[in-house]
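Throughout, numbering of the chain's residues begins at 1 and tracks the sequence. In this text, all values refer to a predicted model and were calculated from it rather than measured experimentally.
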Amino acid sequence: MKKIITLILVAAICACMALTACEPAKNYVYKKVADVEADEFGIAMKLGDTTMETAVNAVITEWKENGKMAEYFNYYSELAGDENATAPEGLQTTWEFAESGETLKMYTESGFAPYEFMLGTSVVGLDVAIMSQVAYNLGYKLQVVDVMFDVVIASMNNDTGYAVAAAGISINEERQKNALFSTPYAVSNLAIVSAEDKAYETLASLDGLKIGVQEGTSGDFTVSDAIDEGEITGTVVQYKTYAAALAALKTGKIDAIFMDEVPAQLLVKNA
């Protein structure tokens with residue numbers, strides 16, 4: 001009798017394993033959030049640093065007017081999905097900095113393509129390009145410092161030298177208490193990443209769910225405020241990186257990720 005029971009259990013386990021193996025891999029999608037306003041991104045500088053403000057705004061204004069901002073954005077979006085992507089002819093992607101110049105530190109978080117992401121051992125992206133040109137114009141060397149997003153502005157303010165924070169940072173009143181912001185150089189909609197069979201499209205549709213966010217981002221603030229104000233119910237789960245949030249989504253620890261649209265597109269593409 002024991003042998004029969006054992007054989008039945010083994011057969012059941014094998015059947016379950018076979019069914020699991022046959023289950024198709026989940027596909028993930030992102031949907032632009034229809035009921036939340038878009039964010040404007042700016043470079044953060046130390047309060048009162050008008051010299052840096054002038055230099056940063058000069059590059060942003062020039063690149064927006066001559067079309068380079070869009071070219072860089074499109075190039076780094078392509079490069080984030082294909083490391084063999086080629087820059088358009090004439091688009092500068094490397095800078096020769098003055099060897100004897102002062103060092104300008106750019107504090108960032110490298111998991112936010114196309115604004116900043118890892119390519120080999122280097123951080124590249126739209127923000128790095130902007131600040132490379134700024135550093136070059138000032139006669140400085142640029143050093144990119146990769147930290148967690150929730151401390152990029154604090155890290156900048158604690159630095160005793162020349163420093164900025166550039167990490168796809170949304171301009172808002174709370175951040176403006178601790179940093180001087182450039183003119184906006186990009187506009188970003190918020191989006192929801194979820195399994196394809198869910199495809200949430202509104203903040204309201206997340207009611208009652210476990211929602212993953214990157215700590216300290218607009219997605220974090222927006223969802224947390226909505227829950228605090230009783231607009232929706234649910235649980236906010238904070239992660240240090242979007243990669244960690246995606247891993248949690250894949251294992252069912254959360255139901256969706258609330259984040260910026262373009263990085264969401266790239267996150268889904270590489271999921």
Side-chain angles (χ1 to χ4, degrees), residues 28 30 41 43-44 56 59-60 63 68-138 140-153 155-156 159 161-169 185-186 188 193 214-217 239-250 257 259-271:
Y28 296 90
Y30 75 94
F41 290 165
I43 306 296
V56 172
V59 171
I60 291 174
W63 284 11
K68 280 189 177 181
M69 193 69 75
E71 283 190 88
Y72 277 113
F73 182 88
N74 293 334
Y75 166 62
Y76 285 114
S77 294
E78 185 178 355
L79 187 64
D82 178 7
E83 62 182 19
N84 295 314
T86 303
E89 185 176 352
L91 191 69
Q92 185 175 0
T93 57
T94 59
W95 286 260
E96 294 293 331
F97 300 115
E99 293 184 6
S100 59
E102 297 280 357
T103 296
L104 169 60
K105 291 183 181 178
M106 170 186 150
Y107 288 92
T108 193
E109 190 276 309
S110 61
F112 198 63
Y115 299 95
E116 39 272 319
F117 57 97
M118 296 300 302
L119 187 67
T121 58
S122 301
V123 182
V124 300
L126 176 60
D127 288 340
V128 181
I130 292 172
M131 291 313 306
S132 292
Q133 188 63 56
V134 171
Y136 179 84
N137 291 351
L138 290 171
Y140 296 165
K141 295 175 287 186
L142 183 69
Q143 179 183 350
V144 179
V145 185
D146 194 5
V147 298
M148 292 292 102
F149 181 80
D150 57 326
V151 298
V152 289
I153 291 178
S155 298
M156 172 193 73
D159 194 305
Y162 298 107
V164 301
I169 305 174
Y185 63 93
S188 177
V193 174
Q214 184 181 47
E215 186 176 0
T217 60
Y239 297 94
K240 291 297 184 182
T241 66
Y242 284 125
L246 180 61
L249 179 63
K250 287 183 173 181
I257 306 171
M259 60 186 294
D260 289 280
E261 184 179 14
V262 175
Q265 180 182 3
L266 294 170
L267 191 72
V268 167
K269 182 179 180 180
N270 298 317

Not counting sequence neighbours, which residues clear side chain to side chain contact (heavy atoms under 4.5 Å, CB included) with Gln265? List them please. Tyr30
Atom OG of Ser188 and atom CD1 of Ile169: how far apart are they, to the nearest 0.5 Å? 13.0 Å
Suppose we screen for salt bridge (charged side-chain N to carboxylate O under 4.0 Å, His left out). Which residues come up paired with Glu215, at least two apart in sequence or across chains? Lys240
Could I get the full list of side-chain hydrogen bond (donor to acceptor under 3.5 Å, both in side chains) partners for Ser110, not counting sequence neighbours? Asp146
Name all residues meeting the ring pair (Phe, Tyr, Trp, His ring centres under 6.0 Å) criterion together with Tyr28; count only those two or more places apart in sequence or in a different chain, and write none if there are none. none
How would you list all residue pairs meeting salt bridge (charged side-chain N to carboxylate O under 4.0 Å, His left out) that involve residues 77-94, not counting sequence neighbours? none
Output for pair (Thr86 OG1, Leu79 CG), nearest 0.5 Å, gives 9.5 Å
Under 3.5 Å, sequence neighbours excluded: what are the donor-acceptor pairs made by side chains of residues 99-107?
| from | atom 1 | to | atom 2 | distance (Å) |
| --- | --- | --- | --- | --- |
| Tyr107 | OH | Asp159 | OD2 | 2.6 |

Side chain to side chain contact (heavy atoms under 4.5 Å, CB included) partners for Glu71, two or more places apart: Lys68, Pro88, Leu91
Here's a test for you: under ring-ring contact (aromatic ring centres under 6.0 Å, His included), which of Phe149, Phe41, Tyr72, Tyr76 qualifies with Tyr115? Phe41
Shortest non-hydrogen pair, Leu266 vs Ser77, comes out as CD2-O, 3.6 Å
Set of ring pair (Phe, Tyr, Trp, His ring centres under 6.0 Å) partners for Tyr140, sequence neighbours left out: Tyr162
If the condition is ring pair (Phe, Tyr, Trp, His ring centres under 6.0 Å), which residues does Tyr242 pass it with, not counting sequence neighbours? none
For Ala243, what residues pass the side chain to side chain contact (heavy atoms under 4.5 Å, CB included) criterion, not counting sequence neighbours? Thr241
Contacts table for residues 116-136: side-chain donor-acceptor under 3.5 angstrom, sequence neighbours left out:
| from | atom 1 | to | atom 2 | distance (Å) |
| --- | --- | --- | --- | --- |
| Glu116 | OE1 | Thr108 | OG1 | 3.1 |
| Glu116 | OE2 | Gly168 | N | 3.3 |
| Asp127 | OD1 | Tyr185 | OH | 2.5 |
| Asp127 | OD2 | Ala167 | N | 3.4 |
| Asp127 | OD2 | Gly168 | N | 2.9 |
| Asp127 | OD2 | Tyr185 | OH | 3.4 |
| Ser132 | OG | Val128 | O | 2.7 |
| Gln133 | OE1 | Trp95 | NE1 | 2.9 |
| Gln133 | NE2 | Asn137 | OD1 | 2.9 |

Taking all non-hydrogen atoms of both residues into account, name the closest pair between Val152 and Ala165 and its distance. O-CB, 3.7 Å
Residues two or more places apart in sequence or in another chain: which of them pass side chain to side chain contact (heavy atoms under 4.5 Å, CB included) with Pro263? Phe112, Met259, Asp260
Could you go through the side-chain contact (heavy atoms from CB on, under 4.5 Å) check for Leu246 and Asn270 one step at a time? CA-CA 10 Å; Leu246 180 61; Asn270 298 317; over 6 Å; no
